Student: 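Shown below is the structure under consideration.
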Amino acid sequence: MDKIQMVDLKGQYQKIKPEVDAAIQTVIDSTQFINGPAVKQFADNLAKYLGAKHVIPCANGTDALQIAMMALKLKPGDEVIVPAFTYVATAEVIGLLGLTPVMVDVNPQTFLVERKNVEKAITSNTKAIVPVHLYGQSCDMEPILELAKEQGLYVIEDNAQAIGADYTFADGHKAKTGTMGTIGCTSFFPSKNLGCYGDGGALCTNDDALAERIRMVANHGQKKKYYHSVIGCNSRLDTIQAAILGVKLLHLDEYCRARHDAAQYYTQNLLDVKGIEVPFEAGNSTHVFHQYTLKVADGLRDALKKHLEENGIPSMIYYPLPLQEQEAFHFITRTAESLDNAKQLSTQVLSLPMHTELTRETQDYIISTIRQFFE
Ligand SMILES: *Cc1c(COP(=O)(O)O)cnc(C)c1O
């Protein structure tokens, strides 16, 4: 058995090497490294895939979130509600723009923010909500969207971990994560479900005027070259990365399926182990398993991690410290309620190797090593 990895990017590349290599070579031959035709082509194809009107590529997922807040003209003093249990990027851009991040708790079973958490945190200064589709599953969006409508708030979906997931509304219609709010933001960081070979990101919206404003903000605040109407930034997806993503997008559904199959196999074989809780799958969302994350009980998480490590199995803690305890946020954070679930989850979560190339043989070894620990 090869060395076990959290993510196997090499095995995935080898299967599509001829297509990817040809796509990269085409860009090099054209020398259109910035804003070459592959960028628009990929954006159009991703829009089609997602069922969204506009996809605007940018340099990374963090930029996507920042550009979203700039395009919505959020100003210092405005409050933006974020889950306390997420990657730092979600809240970082809020602080960076001088806005106030307001952290709220998450559901301990799904790890996701819900309407009832958000509701308690709304004040007259609240302008936006950032639901994070953490680990690859959609937040329960319908109640959040209703709340946002009632209160006149923007919804900025952080879809960095869930691209490809489907949410089902009460009336049965489905939508892809990232297309339901005012703006959806995603990342093409190599280990994400749709990853390139460097940095990349995108925003997605169904609003024509907003799409135009997003393009302007991401391009130095200009619509016409050298005429700058607002302070913007410089955030582009490289043509080479767009070409690679164009190839990988064709495989995204197959990748989602592979991850889901691997997750099912873990779950079937770990469900009865006392001391761990397997991931909860909500009825109204598909789960694309960016991470397969266990909850480990009774302070055993770190010992299990060590046991896995001693047996050559990597595992990761996403995330060891909730946002409210991060030093960077001490001075600007406002919290509306206790963040006990976020705090407790940070001591319980453990993500197992999860990628598109995981073999049953590897999974069997991981499963038996976990079972051995609890025997
Ligand atoms: C990866 C990630 C981001 C940031 O994406 P980058 O491309 O690394 O800037 C933002 N939010 C979440 C939840 C992420 O997982």
Side-chain angles (χ1 to χ4, degrees), residues 6-7 9 42-43 46 55-70 80-97 101 103-104 106-107 110-113 128-139 141 144 155-165 177-178 181 183-204 218 233-238 240-242 244-245 248 259 279 285 287-293 316-323 326 328-329 342 345-346 349 351 354-355:
M6 279 304 286
V7 174
L9 296 178
F42 166 66
L46 183 59
V55 166
I56 303 102
C58 67
N60 57 67
T62 310
D63 272 11
L65 290 159
Q66 182 181 330
I67 293 164
M69 290 176 205
M70 290 170 77
V80 180
I81 297 174
V82 286
F85 193 65
T86 181
Y87 182 52
V88 70
T90 321
E92 185 176 40
V93 297
I94 302 171
L96 196 63
L97 293 173
M103 290 158 194
V104 298
V106 296
N107 179 310
T110 61
F111 315 108
L112 301 170
V113 67
I129 309 167
V130 188
V132 181
H133 306 305
L134 200 72
Y135 300 155
Q137 186 164 231
S138 180
C139 296
M141 286 301 287
I144 292 175
V155 176
I156 303 167
E157 294 177 73
D158 184 339
N159 194 31
Q161 299 191 2
I163 197 159
T177 52
I183 300 177
C185 297
T186 200
S187 162
F188 306 122
F189 186 83
S191 62
K192 299 283 156 97
N193 287 27
L194 178 61
C196 57
Y197 295 172
D199 274 309
L203 300 94
C204 159
C233 57
N234 173 26
S235 189
R236 298 182 286 238
L237 179 68
D238 290 352
I240 287 181
Q241 300 305 339
I244 294 163
L245 287 164
K248 291 187 71 178
R259 286 173 177 274
S285 174
H287 200 321
V288 294
F289 287 100
H290 175 60
Q291 298 299 339
Y292 185 89
T293 304
M316 294 290 282
I317 297 166
Y318 301 113
Y319 299 92
L321 205 58
L323 289 185
Q326 300 286 356
F329 291 102
L345 287 174
S346 68
V349 290
S351 300
M354 170 52 74
H355 52 82

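When a ligand or atom number is given, it counts from 1 through the structure's own listing order. This one's a predicted model, so the numbers in the text were calculated from it and none came from an experiment.
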Student: Within the structure, does Asp199 bring an N/O atom to less than 3.5 angstrom of an N/O atom in ligand 1?
Tutor: no
Student: Does an N or O anywhere in Gly61 fall below 3.5 Å from an N or O of ligand 1?
Tutor: yes
Student: Strictly by side chain to side chain donor-acceptor pair (under 3.5 Å), give each pair with a member in residues 86-97 just once, sequence neighbours left out.
Tutor: Thr86-Thr90, Thr90-Asp158
Student: Quick one: look at Lys192 and ligand 1, take heavy-atom pairs under 4.0 Å, and tell me if it's side chain, backbone, both or neither.
Tutor: side chain
Student: Measure the distance from atom 9 (O) of ligand 1 to every protein heavy atom, then report the residue, atom name and distance (to 0.1 Å) of the closest one.
Tutor: Thr62 OG1, 2.5 Å
Student: Using a 3.5 Å distance criterion without hydrogens, assess whether the side chain of Lys248 forms a donor-acceptor pair with backbone atoms of Cys196.
Tutor: no
Student: Look at the side chain of Asn193 and the backbone N and O of Val288, then say whether any donor-acceptor pair between them is shorter than 3.5 Å.
Tutor: yes
Student: Identify, for atom 13 (C) of ligand 1, the protein heavy atom at the shortest distance, and state residue, atom and that distance.
Tutor: Asp158 OD2, 3.4 Å
Student: Using only atom types and a distance under 3.5 Å, with no angle test, would you say the side chain of Gln66 pairs donor to acceptor with the backbone of Val93?
Tutor: no
Student: For ligand 1, which atoms sit closer than 4.0 Å to a heavy atom of Asn60?
Tutor: 7 (O), 9 (O)
Student: Show which atoms of ligand 1 fall inside a sub-4.0 Å distance from at least one heavy-atom site of Ala160.
Tutor: 2 (C), 3 (C), 10 (C), 11 (N), 12 (C), 14 (C), 15 (O)
Student: Does Ala202 have any side chain to side chain contact (heavy atoms under 4.5 Å, CB included) partners at least two apart in sequence or in another chain, and if so, which?
Tutor: Val55, Thr186, Phe188
Student: Treating Glu157 as the side-chain partner and Gly184 as the backbone partner, does any N or O pair qualify as donor plus acceptor under 3.5 Å?
Tutor: no
Student: Give yes if a backbone or side-chain nitrogen or oxygen of Gln161 is under 3.5 Å from a nitrogen or oxygen of ligand 1, and no if not.
Tutor: yes
